[in-house]
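This report refers to the structure that appears directly beneath it.
Worth saying up front: this structure is predicted, and the values here are computed from it rather than measured. These values consider heavy atoms only, across backbone and side chains, with no hydrogens, waters or symmetry-generated copies. Residue numbers start from 1 in every chain, and the chains themselves are labelled A, B, ... in the order their sequence lines are given, proteins ahead of strands.
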2 protein chains.
Amino acid sequence: MEFEEARRKYIQTWGALGSQWGINKTMAQIHALLMISTEVLSIEEIMEELQISRGNASMNIRALIDWGIVFKESKAGERKEFFSAEKDLDKLAVTIARERSKREIKPALRILKEVSSIKTNSSKAEKQFTEQTKNLYDFVLKADNVLDKVTQYNENWLSKLVVRLIK
Amino acid sequence: MEFEEARRKYIQTWGALGSQWGINKTMAQIHALLMISTEVLSIEEIMEELQISRGNASMNIRALIDWGIVFKESKAGERKEFFSAEKDLDKLAVTIARERSKREIKPALRILKEVSSIKTNSSKAEKQFTEQTKNLYDFVLKADNVLDKVTQYNENWLSKLVVRLIK
DNA sequence: ATAAACTTTCAATTATTTCTGAAAGTTTAA
DNA sequence: TTAAACTTTCAGAAATAATTGAAAGTTTAT
């Protein structure tokens, strides 16, 4: 396999994986592209490379910036804006984990807490409901805390975690 | 809030969360419904409760069974089939983690390995490509192994993990 | 073998999500 | 100011994914 093919395959794969995890394909592909780029890229270069429209590129770059994993940069003497990606995988994973926790897990926890706290009569159905949703709340909360704890090791958290688990 | 409202809210929330993580809404809702049910449910009961068609119910139940988190059951003397869900959250999470690893992470790893092993010339772009994809491969492999290791504690793996992290 | 009771499949439809591109908005330099 | 260079927005179009429902398939009892 030669470079161009590998490059295409990598970007495709990352985009497809994104879709499976609830991230839109183009967003994942833009990030994949920036990850392997030595230089910062302009919006035109991204449009050209991925064959997408200006609007699409603009909106997805904005979303990536909101996630905190793509940065806007300026080049001296150039009017245009350029973009680069977080390339450190430890940092990248931490940022994504924190962001998903904030956007999705925390709100879900709030609702689980709410629905599991209803006053129940003695029916079997209602008892099972509060018990199971309470369990779910506890489980998700615990998992969220673990994620938080683990990612606080900062650099090399994954390697440090491996070490801890082996011991 | 009374029972019926809480129940609806819980099922809605779980469905929405499913969508955000690449699982179709109905599939997540059927699972949510079975999780809080004291009895096994027939396909009719699921259709009725979630207001969905027979075909939709059938296909999504099948998918849940393929994932190994919903089970088909028979009642003595009844022709109909009934369904129940894995209610133990530790087991549920392990099953989902293993399945996603098999279906999505392992194939992605194969491709990352492939594209990161290309023979490169000395250009900066090609060097950066192989370096970054190699890093990605290592990182994902390590994360996949951690997940595997952690879930092998079997029952109470999450609680055991919490203990290990506190020490 | 037959037929009732049930489940699965899949082509067509519907709903949802993503993408386009032109217009509106913003910034910078002169 | 003005206008060129650039970015963002968003209504409509296109693509994708989910859903329906009726026909085909399967199982079980007689």
Side-chain angles (χ1 to χ4, degrees), chain A residues 11-34 39-67 70-84 103-104, chain B residues 11-34 39-67 70-84 103-104:
Chain A
I11 290 172
Q12 285 309 310
T13 303
W14 221 236
L17 207 62
S19 306
Q20 288 173 319
W21 288 81
I23 286 138
N24 105 29
K25 193 186 73 178
T26 303
M27 196 167 148
Q29 288 186 338
I30 293 174
H31 187 258
L33 177 60
L34 289 172
E39 304 295 324
V40 295
L41 298 183
S42 70
I43 198 167
E44 272 81 12
E45 291 167 315
I46 293 170
M47 288 165 61
E48 164 65 19
E49 176 80 44
L50 303 178
Q51 292 291 302
I52 57 174
S53 72
R54 186 174 294 280
N56 193 10
S58 173
M59 292 209 302
N60 283 111
I61 289 168
R62 149 71 78 108
L64 285 162
I65 291 172
D66 285 349
W67 273 80
V70 159
F71 316 109
K72 194 180 270 193
E73 308 203 14
S74 299
K75 272 187 185 175
E78 290 229 44
R79 184 86 147 266
K80 243 185 270 189
E81 284 170 346
F82 293 86
F83 303 95
S84 65
R103 296 176 187 210
E104 296 152 16
Chain B
I11 291 171
Q12 285 310 309
T13 304
W14 221 236
L17 207 63
S19 305
Q20 287 174 320
W21 289 83
I23 286 140
N24 110 24
K25 194 186 70 178
T26 302
M27 195 168 147
Q29 288 186 340
I30 293 174
H31 187 257
L33 176 60
L34 290 173
E39 305 294 327
V40 294
L41 297 182
S42 69
I43 199 168
E44 271 82 11
E45 291 168 314
I46 294 170
M47 287 165 62
E48 164 65 19
E49 177 80 46
L50 302 178
Q51 292 291 301
I52 57 176
S53 71
R54 186 174 294 280
N56 195 7
S58 174
M59 293 211 302
N60 284 109
I61 290 169
R62 148 73 78 107
L64 286 163
I65 291 173
D66 285 349
W67 273 80
V70 160
F71 315 111
K72 193 180 273 193
E73 308 204 14
S74 299
K75 271 189 185 173
E78 291 230 43
R79 186 86 150 261
K80 246 186 266 188
E81 284 170 347
F82 294 86
F83 303 95
S84 65
R103 296 176 187 211
E104 296 151 16

- Item | Interatomic distance, A:Met47 CE vs D:dC6 C1' [rounded to whole Å] | 12 Å

- Query: Nearest of D:dT19, C:dT9, D:dT8 to any side-chain atom of A:Ser58?
  - Reply: D:dT8

- Query: Atom CD1 of B:Ile61 to atom P of C:dT8: distance rounded to whole Å?
  - Reply: 8 Å

- Got more than 12 heavy atoms from elsewhere within 6.0 Å of CD, A:Glu44? yes

- Query: Where each residue is assigned the nucleotide of DNA chain D containing its nearest heavy atom, which of A:Met59 and A:Lys80 is assigned the position nearer the 5′ end?
  - Reply: A:Lys80

- Test side-chain contact (heavy atoms from CB on, under 4.5 Å) on B:Met59 and B:Met27 and set out the steps. CA-CA 9 Å; B:Met59 293 211 302; B:Met27 195 168 147; over 6 Å; no

- Task: Please report, rounded to the nearest Å, how far the P atom of D:dA5 is from the CD atom of A:Glu78.
- Result: 13 Å

- Item | A:Leu50 CG - C:dT18 C1' separation (whole Å) | 15 Å

- Gap between atoms CZ and C1', on A:Arg62 and C:dT18 respectively (whole Å): 18 Å

- Answer yes or no: does a side-chain N or O of A:Thr26 lie under 4.0 Å from OP1 or OP2 of C:dT18? no

- Taking all non-hydrogen atoms of both residues, which atom of A:Gly15 and which atom of A:Gln29 are closest, and how far apart? CA-CG, 3.8 Å

- Item | Separation of D:dT20 P from B:Ile46 CD1 (nearest whole Å) | 14 Å

- Closest approach of A:Ile43 to A:Ala57 (non-hydrogen atoms, all atoms of both residues): CG1-CB, 3.9 Å

- Which part of the nucleic acid does A:Asn56 contact within heavy-atom distance under 4.0 Å: base, sugar-phosphate only, or nothing? base

- Establish whether the base of D:dA29 is bridged to the side chain of B:Arg79 by a donor-acceptor pair shorter than 3.5 Å. no

- Side-chain donor or acceptor of A:Glu45 paired with backbone N/O of A:Ser42 under 3.5 Å: yes

- Task: Rounded to the nearest angstrom, tell me the gap between atom NZ in A:Lys75 and atom P in D:dC6.
- Result: 12 Å

- Query: Expressed in angstrom and rounded to an integer, what is the separation of B:Arg54 atom CZ from C:dT8 atom P?
  - Reply: 10 Å

- Query: Closest to the A:Asn24 side chain: D:dT19, C:dT18, C:dT7?
  - Reply: C:dT18

